[in-house]
Structures are given as structure tokens and as C-alpha cells.
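Predicted, not measured: the structure shown is a model, and the values here were computed from it. Below, read A as the first sequence line, B as the second, and so on, with proteins coming before strands; counting in each chain starts at 1. All heavy atoms count here, side chains included; hydrogens, waters and symmetry mates do not.
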Amino acid sequence: MDELLQQVAEQRGMPASLVKRSAQAKADKTGTTLEAVLHEWAGEDSTPASDADSPSADPTPDSDEAKSEGHTDDSVAVSTDHLVQLAAEAKAISPRLILTSAQARSDHSDTPLDDVLAQWAGVDLDELRSQASEPAPVDVAPKEKAPAAAPAAEPPAAAPVVATAAAALTMDQLLEKVAEVKGMPASLAKRSAQARSKKTGEPVEAVLAEWAGIDPATAPTAAAAAAPATEPATAPTAAAPAAESKIDGDGIEIIEAKPRDTADTSEPDEDLAQTRGKYPIWLAAAFVLIPLLAVAYILISPNGPDCGSGGQLGIDAVTGEAVNCDGSEYGVVAVDNLAAGGALYQQCVACHSDNGSGGVGPAFTAGAILVTFPAGSCSDHIAWVSVGTGGWPESTYGATNKPVGGVGLMPAFDTSLTEEQIAQVALYERVAFGGQDLVDAEADCGLATDEDTTES
Amino acid sequence: MTAETSSQEHQDTDTADSAMATARIHVIVAAIFLVVGLIAAIASAAQLLVPDITSGIEYLSYGLIAPASRVLLVEGWALLGLLGLSYFALTTITGWPIKWKILATLSLLLVSIGTASGSIAIILGLSSGISGQESPLWARAIVALGVLLATLSITATAKKKRDALGASGWYLVAAPILLTLTLAVGLIPAPTGFGGVIIGSFVNTGMTLFMVTASVGLIYFVFEHISGADRTQARPVSALGFWSLILIGAFLNGASLIYSAAPNWLETIAVAFSIAAFVPAIAIASDIGLMLKGSIAQIGDRWSLRYATIAGSALAVASVVMFLRAFPAASSIAQFTSWVSGLDVLVVAGGASFAIFAAHKVFVGGNRSGASFHFAASTLGLVLMVTGTLAGGVATGFSWAAGPTSLKFPNWGPGWEVTANTVLPFAWITASGLAVFLIAQIAFLFTSAASGKRDIDATAHDESYDLEFEGQPKYVTWKRLVWGVTGVWIAAVAFTVVLPLVDGMADEPTILADTYRTYDTGTAALAGRDLYIAQGCGQCHTQEVRPVAADVGLGPVSDIGDYANEDPVLVGSERIGPDLFHVATREGFDADALKAHLKNPQAARPWSVMPSYSYLSDAQINALISYIETLR
């Protein structure tokens, strides 16, 4: 017993003597034992032998009805809120969720809300009800105790406090109502109401009232009257000053249950609601740019990349093989023999001058070179340049039998130039100075470009 | 009344348990396929490193084991794992039990049978010859039926929440719908000629799209769950991500057909859509970022967070790889290299596997010993595989392009040695990655006890979210979801399959096709071709010459009419060995030399990784030679 007293005293934050006194009063009034009352207050399941003459109570109060009317019937001995508390504790879920889930379940399965809650709380509803005649702690008292005590929620009692309290109560109570009526969590309701109010310019309370089905004009007063009865969660804020004790009509001091701190403290996430609209603009730009790029690609190359771009090669019409875009064979490096020869010719300028008009050595111009080494004898031409005066086996060279070792000495270039390079110089001389056709000269001098050099 | 409510609760517990049981059995079967598939994959990878390992053993040659492992990993592991955890995720999201649970069980049975029998059939030589769809038709039909049943069950379960599914639900519902429709297309007998390649490519693309979509769905689910984010908060960018993924992903057929004989306009569409594919990648990534904004540090379940992050990263890299594969400049280098396998690795081993790991972690809850080793080893294995395949592919591609350009070597015959040597170190990296990944999974299976309290309360049917209210636009309603996905898919089939088929059918067979590539019944050439298909020669050898630098010297560029008389067309997808389209007209082609090569490839070419086909009878070898001689 003492233990029990201590427990209740601790739970409620009041001296054990007070607890005992109140519990005794309650027990006398309801005809149960002190232990039973203490047990109940301690939150355990109770099995009171209750035969109490409960004030005639509507056995299955419809909590919706009760709430929306703004009345808590005297006769509703076991309040829905109490059940919500118990169920919330039993399931370890917040009361807000419990309420909406229970509402949903009750709609779905056609059972009364209180039954669902009781089921979840693991209590026997009938038994609870049968002890019910005493004012449930948070429930009935203030409304009927108008003259007697100083319940903070009483409108005449503490006007300024109540005015603000009523306003605060209104909002939260409205939220609860809306949450119930619409079947959604209160935080979402608040967020949506704020959105609507921003859009239409009406105050948030009005929006909520409209949704809750309350006439906005009467909402504040009706709410204030009913507030304490239906708002255990917010009662602390409103009734804080005098939450500790009330006197009921029989003059018995009723210790208010110190509301358990099950208030819905989870604020709707304002931040999250704010970020919803904020998407980085530069990132959103990507969603426009990228499809534009895709469209641009289609417009630029509707039938695949053109030859030369994206690695695409041409296809030879005859052989079907992949070739360069200009039709030439892929991979064969086209050497410009003429230009190479021209560059190499600089070594010959000293004796033959840079326009081929000769000097120490014979002139090439005006076809002279082709007189000495006619078309078809480029190999002789190359041989002469290669071995020069010193290496020439005969005493004359060329078609016109020029004497070897005439005016000057023709140096040998086979040690300083490769065969190909000598051929290129010869080509240059024959084409640039002799006027031979390039293609013929190339063939003549062994520099044909259609050699298959892809052998491995 | 009391009895009713209590039986309701009892049913809730049953609901939760039965959903868990279904998911669990899916994951267990999937895990078995994973281990077997990885072992097969390692066996095939090992042959590319040390060909002597399985020299001459009939059922272990690369051409048989490699496609079998792919079937096991894609249809067994990824498909079953993703589906199984979809059930779990959807029952958690909706709070309702699996609808038509018998279908879910039946689907598991069918998919398992189809996958197992398909992979065994491949090893026994019953391959279909279609790249990526090597499973025989009947096995694929069984799998498709299984997927259909799963889709019915998943869709019916999700329908309970209808318009209030949230982002994860959209993806998880869309994915099986897409897959069912895609697999159905794959069962349609393809017309003779190149059209079969287009259809096969469409099915492969659809399979990839399924894995990406389902993985994204699971990733969303995991992030939503571990961060406690409000699932109903309608962010426009999440709807953008969803619709763009479906719309763009469906039209990617042709991305693997760049420079092929397929119509050029199809390739252009594929490239354009591959460019656009960055939109869903960015949208999804930023949406998840927004969802987690500010709350990452508070997330308790760090392991799910890590797995899901790796999964998302792998998919992000995959979108880049897909783009590069399609873009012609890059494709001319990377096509037919191991880059192709790299994409598979990213999607299957990266995206799908890690999404399954993450959702599975949420599924079992609690603290598991061994999670850190599994995560570290799996991630390391993934990174190694990705590096080996992608880097190896690039190196190989540049080597191929360099050969003909520099006139130093052609990409066939002795010239292939350069390629073989280039690929080898990367093949080692890939194989070691596979081994590490396998070790991680085996270790996980041994150390994991299904312990840990589940932190999902599947009994809370929170129907409060179902109702519309101010400020919450519905971007993805149920009707839009189902009919939109189906409609997009139908349009995709019309534009990227039917239209190219019709276009291609106008092409007449070329002289080459009519002269050499007609395989009449009873001829040795046909028998040889059947053997070519059965032995999986197409796993290493392609038959397509492209108008790009790397293919110079391989002969005339392939024309669509060249394939007109063939069914199935054996274009292939990867060149581990040289292209064979014009092999019989190459210099030095000799039937006897080829015979010797088949029996002992390493004799004439010590660097070759080709398996030995000495287990084939002389008659079979001769038939094969007859077939190859038609490849002029």
C-alpha cells in the first residue's frame, strides 16, 4: 500500500498524503477500495468490484460526436482521450498516430472507436466504464465547477490567461479535430492549412475551422468551453496555473492527474515544407539543356555521323572496304614525293642553282634534264646522282653520252641520301625543271603510291 | 467486437510474417544462384588467363560457361533478388499483405526452374545463339511466365495504395511491368536476317532497364526508410526522375548497334536518347539528395546507407558508360571490347547487387556481425571488376585502332597478339575482382544468422496518407503509372523494333549472302553452323565489319543484306578473338591450319587464349570447317 502510494505520488508529483486523501475520497464516492483507486491511478489494470452508480452514461459515446459538439457528456465516464493515452502507452506510439489509426480501423471494421482503443490498450472497456462515475481527472470537472474552484480553463476566471489559452487551445484543438475528421496527422493538416491560408489570405484558424466543420465565428468560444475536456495533450499549456487541484461539486478536492507528457511535441517540419519548392536553379537548367543537346544531335546527324566525324570511314563502292573519306586507302600514309624532293634539292643549288639553270653543273631547265635522262630512264638518273663522277663505271653517261668528269665533279649521294630520297630529288628535277608528268615520273622513278604496304 | 479486432491484429502479424517469408525465400534462392553464377564466371575468366586450365574438357570451355554464368547471375540472382525484396518493400509501404501470394510463390518456382534449366542447357550445347539471350526458347518462356506472375502479384499488392505509393513504389511497380512486356517480345520468333539482332538487342536493353529501375526503387525505399523521410511529400523532381527514366530508358535500343548493319537513323535515336539519359541520372541523384538533406548524420542504419550509396554510384557511372558506348566517337574505340562486360558489371554487380544488399539489410534489421567485411570485400571486388573491364576495354580499343592506322599489324592472325597482350593484365584484375566478390558472398552466407529484431512495424496500416489534401499534387497516379509505362513501352517497340525491322526487310540479300551464306538443310555447312552456335564460338568471335579504323583490313564492311539468309544472325557482342566475317578470304587461310588451330590453338599461337576443341569428333571438326569456309 505504501509502495503504491509512493508510486502514485511520484507519478503525479504530489505529496503522498494528498494522494491518500484524494484516493480515499474517490473510493468512498465510488464505493471501491482505496487500493483499487490507487491501482488505477498507478496505471495498472484494475479489477474493481464496481457497482458504482455511475451517472447515467451513454455506454458507447461516439467520440466524434462528443468532440464536435464541444461537450463532454458527464455521463461519458471514460473519455476517449484517456483510452488514447492508455493505448499510446501500450503500443509505444504517439497518441496522434494512435488516434488516426484507431479511427481508420474503426471505420474499416465498423467497431466503435473506444472499443478499438480499449482493445489496443489491453483494458476492458466495460470495467473501466463501470468505475466511471467519478470525474475522470482531465475530463469533466471544469465545466460544472464554474463557481466553486479556480479551474484555469474557466472562461470567467482568468480572462487574459484564458483568452490566450483559449486561442492556443483553439489552434491545437482545431488541429486535432481536423486530423480526426480528415483522417490525417495533425502536422500535415497544419502544413496544408498554412498553404491554403497563404493562398487565399484567410487566417489559418479559419481554414482549420472550416475543415473541421466548425463555424469559425463560434469556434473560439465553443472551443474554449470544450477545450479542457478534449485536450489532455494541450491542457498543460492552458491549465498550467491551476492544474494541480480542483474541487468538485461535493467539495472534495480532486487531484488532477498531472498530465503525462505525451503531448505531441513533434512539430511539423517547417524546414522540409520550405525546401520543397527550392530546387537549385542551375541544376534545373540541366534538365532543359540536356534534352536540347539530344535534339541538336538528331538535327545535326540524322543518319549517323558523317564520314570523318566520330571515327566514321567511307565505304569503297567497288570493294566494299572501309576507306578514307576521299576514297584513298586507309592507313597508307600519302607521302608528297615532290615536296620532299624539292626540299632535298637545296643541296644541289650550289652547282645547279635553285631554278635549275645550272652553274658549275649542267642546267636542267627547258627540258634539258630530260634530254640527258629521257622519260623511262629515271633509274639512270638515280644511278648518276648516287655514284657521281667517282663511281660511274663508264666514261660517258646519259642518252646524249655526256663525258664523265667534264666541267666539274658530280658528287656521290648514296652515302648521304637514301635511295628513296635520291628518287625524290630526281622526281623533283624531272617534274619541276624537265616538265615530265608527275604521275609518269613517279612511276618512272619507282615512287608509285599504290603499293600495298600493309603486309605484316 | 473484441474478438474481431484481435483477429485483425492476428492477421496483421500473419501478414507481416508471410510477406517476410516470401521475401526471405526469394533472397535465399537468389543467393544460391549468385554463388553458383560467380563460380561459373570465375571459371570462365580463369580460362582467359590460363587457357590450359580446362584444355580439352568438353563442358568447361569458355563458350559454354560464360553465357551460363550470365544467365545465372542476371535471371537468377539479380531478377529474383530484386523481385523478392520488391515484395518486402511494397508490403511495408502499403501496409497490406501480398496480394495473390500463391502467384508470388509460383513465380519464384518458375523463374528458378527456367534459369537453372536454361543455364544447364547452354552448357549441354543447346544455346540459342542470340547474344545476351543464349538460354533456349523454352527456358526463356518459363522465366517470362514466372515474371508475369510476379508482376501480377506485385501490381495487385501496390494497388492498395494506389495514388499514394511514393517514389519507391513507382519504380518497383514499373520495373516488373517493363520486364514482362520485354521478355514477351524476346519470345517472338524473329524474322530471318538482321532483324533478329535488333530484337535481341531490345530485349537486352529492356533487361538492363528493368535492373536499373528496380534497383532505383529499392534504393529509394532504403533511403526513405532509414531516414524516416515523408514518403508522401511530392517533390516534382522525383516525378521528373521517374518519368524521364522510363521514357528515355525504353528508347535505348540501338545503343549497342552503333556502326552495325542496323539502319543509321536507329543509331542516331539511340545516341540522342543516351545523351538524354543524363536527365534521370541527375534528377534521381538530386532528388535523393533533397530527401536526405540535413539528415544523413542522424541516420542510424549506416550499413544500409553505405550499400545504397554504392548502388547509386554504380548506376550513375553506368549512365556515363552507356552514353560513351553509344556515342560514335567513343563507340568506334570501345565497341566489342570488354567495355561491354563493364556495363553489365556496373548494372548487375554494382547497381542490382548492392541495392539487394541494402534492402536486405533493412529487411533483417538488427546488427549483423560480418557486415563490415561483406561490404568492404564486395565493394573492393566491384571496383576491381569495373576497373579491369572498363580500363581494359579502352586499352584494347586503342590498340585495335592503332594497328591498321600505323600499318604495324592487322587485327587478325598473328597481329592479334598485340591485342591479347594488351588485355591480359586487365583480365587479371577483373578475375581477381570476381574472386574477391565471390569470397565476400560466401563469407556472408556463412556468418549471417538471420538474427536481429526487425525494425519494421508492418502492422501499422496508416491509411491516413491516402487522402488528398491541399498542397500535395499527385504527379504519379496509379492510372498514369500503369498505363503510362505500358504506353511508353509500346511506343518504344514500335519505333525501335518494328520500324527498323520493316526498314531492314526492304533490303535484298546481297550476292555474298546468296552465294555463300545460305545454309540449306542437310549440308555440312549447316551442321557446322549449329556446332558454332552450340559451342558458343560467338562468345569470343564477332561477325561484323564496321567502317571504323579498328576494322580496316578485315574485309568489306558488313551490309545488312549479307545476313539476310541467316537465322539466328551471329553478330556476337565481344571480340576476345578476331572477327570472322570474312575469315575465309584472308591471306593464308588454310583448312588444315584451321583444323590444327581448333585442336590446339596454342601450338601456332602461344599467346592465344582460345580453348582447345580436341574433344570434338573429326566429323564435327570437318563440319565446322565447312561452315567457316562459307565466311568469305
query = After noting the C-alpha distance and the side-chain angles of A:Ile290 and B:Ile282, does the key distance pass the side-chain contact (heavy atoms from CB on, under 4.5 Å) rule?
reply = CA-CA 11 Å; A:Ile290 292 174; B:Ile282 295 175; 3.8 Å; yes
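Taking each heavy atom of B:Thr268 and A:Ser301 in turn, the nearest pair found is CG2-O, 3.1 Å. Nearest heavy atom pair, residue B:Tyr259 against residue A:Gly311, reads OH-C, 3.7 Å. Between B:Asn264 and A:Asn303, the shortest heavy-atom contact is CB-O, 3.2 Å. Scanning both residues, B:Ala549 and A:Tyr330, for their nearest heavy atoms gives CB-OH, 3.1 Å. Between B:Ala272 and A:Ala294, the shortest heavy-atom distance links the atoms O-CB, 3.2 Å. Considering every non-hydrogen atom in both A:Ala322 and B:Val552, the closest pair reads CB-CG2, 4.3 Å.
Proximity to chain A involves both the backbone and the side chain of B:Val548, based on heavy atoms less than 4.5 angstrom apart. Contact of A:Pro302 with chain B is made through the backbone alone, with heavy-atom distances under 4.5 Å. Heavy atoms closer than 4.5 Å to chain B are found in both the backbone and the side chain of A:Ile298.
Around the CG atom of A:Leu299, the shell of radius 6.0 Å holds more than 12 heavy atoms that belong to other residues, nucleotides or ligands.
Residues A:Pro305 and B:Phe327 fail the side-chain proximity criterion, which asks for heavy atoms closer than 4.5 Å.
Atom-to-atom distance recorded for A:Ile315:CD1 and B:Asp559:CG is 8.0 Å, nearest 0.5 angstrom.
With sequence neighbours excluded, the residues satisfying side-chain contact (heavy atoms from CB on, under 4.5 Å) with B:Ala277 are B:Ile248. Scored by the salt bridge (Lys or Arg N to Asp or Glu O under 4.0 Å) test, B:Arg325 finds no partners at all (sequence neighbours excluded).
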